[in-house]
Amino acid sequence: MPVAARQDAGPSSPVVHQAEPDYQSNPPPEYPMLLRDQSVGGVVWVRVWVEETGLPGKVALLKGSGYRLLDESALKAVRQWRFIPARSGSHPFASWVEFPVRFVVQG
């Protein structure tokens, strides 16, 4: 006797996307000249509350680079950035996002 496969007919859950910086439209932070001239780089980890509008709410230093000037420059820039808000399906919602801001001497 054949057995029929059972499929749940319940609604599917909407896909959830995490908030992220809009890297294509955000300018990089200013590189502190003193550190750039000394070829000092670093990574600053930032935590941002992204409003459903894509504007940054609270901006916090998650992990510093070890250089106060890099940390301050990263935080100053990120406060002016725009973000792609998190969303569930097509509905945006406010959420936290964490990401690195890298300072790399080129040239």
Side-chain angles (χ1 to χ4, degrees):
M1 181 173 188
V3 177
R6 180 172 180 254
Q7 294 182 352
D8 289 331
S12 61
S13 298
V15 176
V16 175
H17 296 275
Q18 181 178 338
E20 62 182 298
D22 186 359
Y23 288 113
Q24 293 183 358
S25 61
N26 290 324
E30 285 188 38
Y31 210 124
M33 190 167 301
L34 176 68
L35 297 178
R36 186 182 59 199
D37 289 349
Q38 295 175 11
S39 297
V40 172
V43 178
V44 180
W45 279 90
V46 180
R47 186 170 198 237
V48 178
W49 178 255
V50 178
E51 301 291 346
E52 64 185 42
T53 60
L55 295 174
K58 183 172 174 65
V59 176
L61 181 66
L62 190 63
K63 182 179 179 189
S65 64
Y67 296 94
R68 182 182 52 81
L69 292 175
L70 293 182
D71 298 347
E72 290 173 355
S73 180
L75 293 173
K76 180 180 178 184
V78 169
R79 285 185 184 102
Q80 304 304 313
W81 282 8
R82 298 299 174 257
F83 293 80
I84 300 167
R87 65 184 196 282
S88 177
S90 62
H91 302 287
F93 62 92
S95 68
W96 287 103
V97 64
E98 299 172 356
F99 57 92
V101 176
R102 291 179 169 79
F103 290 85
V104 178
V105 178
Q106 299 180 1

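Any value given below was found using the heavy atoms of this structure, including those in side chains, with hydrogens, waters and symmetry copies removed.
With values rounded to the nearest 0.5 angstrom, Gln38 atom CD is found 12.5 Å from Met33 atom CE. Separation of atoms CZ (Arg36) and OG (Ser73) is listed at 11.0 Å; rounding is to 0.5 Å. Interatomic distance, OH of Tyr31 versus CG of Leu69, reported as 11.0 Å (0.5 Å rounding). For the atom pair CZ of Arg87 and NE2 of His17, the computed distance is 4.0 Å after rounding to the nearest 0.5 Å. Note: Phe103 CZ to Leu35 CG = 9.0 Å, rounded to the nearest 0.5 Å.
Applying the 6.0 Å contact sphere to CZ of Phe99 captures more than 12 heavy atoms from other residues, nucleotides or ligands. By the neighbour-count criterion of 12 heavy atoms within 6.0 Å, atom CD of Glu30 is sparsely surrounded, having that number or fewer from other residues, nucleotides or ligands. Within a 6.0 Å radius of NE2 in His91, other residues, nucleotides and ligands contribute 12 heavy atoms or fewer.
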**OP:** Determine, step by step, whether Lys76 and Glu72 satisfy the salt bridge (charged side-chain N to carboxylate O under 4.0 Å, His left out) criterion, reporting the C-alpha distance in whole Å, the side-chain angles of both residues, the deciding distance to 0.1 Å, and the verdict.
**Re:** CA-CA 6 Å; Lys76 180 180 178 184; Glu72 290 173 355; over 6 Å; no
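Connection of Val40 to Leu34 is established within a shared hydrophobic cluster, with ILVMFWY side chains joined at heavy-atom distances below 4.5 Å, either directly or through further cluster members. Under the 4.5 Å side-chain heavy-atom criterion for ILVMFWY residues, no single connected hydrophobic cluster contains both Tyr23 and Val104. Note: the hydrophobic cluster containing Val97 also contains Val44 (ILVMFWY, side chain heavy atoms under 4.5 Å, direct or indirect links). There is a path of hydrophobic side-chain contacts, each under 4.5 Å, that joins Val101 to Leu61. Ile84 and Val46 are not part of a single hydrophobic cluster, where members link through side-chain heavy atoms under 4.5 Å apart.
Residues Ser95 and Ala19 share a closest heavy-atom pair of OG-CB, 3.7 Å. A pairwise comparison of heavy atoms in Glu52 and Pro92 identifies O-CB, 3.7 Å as the closest pair. Considering all non-hydrogen atoms of both residues, Pro85 and Glu51 come closest at CB-O, 3.7 Å. Taking every heavy atom of both residues into account, Pro32 and Leu70 meet most closely at CD-CD2, 3.7 Å.
No donor-acceptor pair closer than 3.5 Å links the side chain of Ser65 to the backbone N or O of Val43. Looking only at distances, a side-chain donor or acceptor of Trp81 sits under 3.5 Å from a matching main-chain atom of Pro27.
Residue Trp49 forms a ring pair (Phe, Tyr, Trp, His ring centres under 6.0 Å) with just one option from Phe93, Phe83, Trp96, and that option is Trp96.
With a 4.5 Å cut-off on side-chain heavy atoms, Arg82 and Pro56 count as touching.
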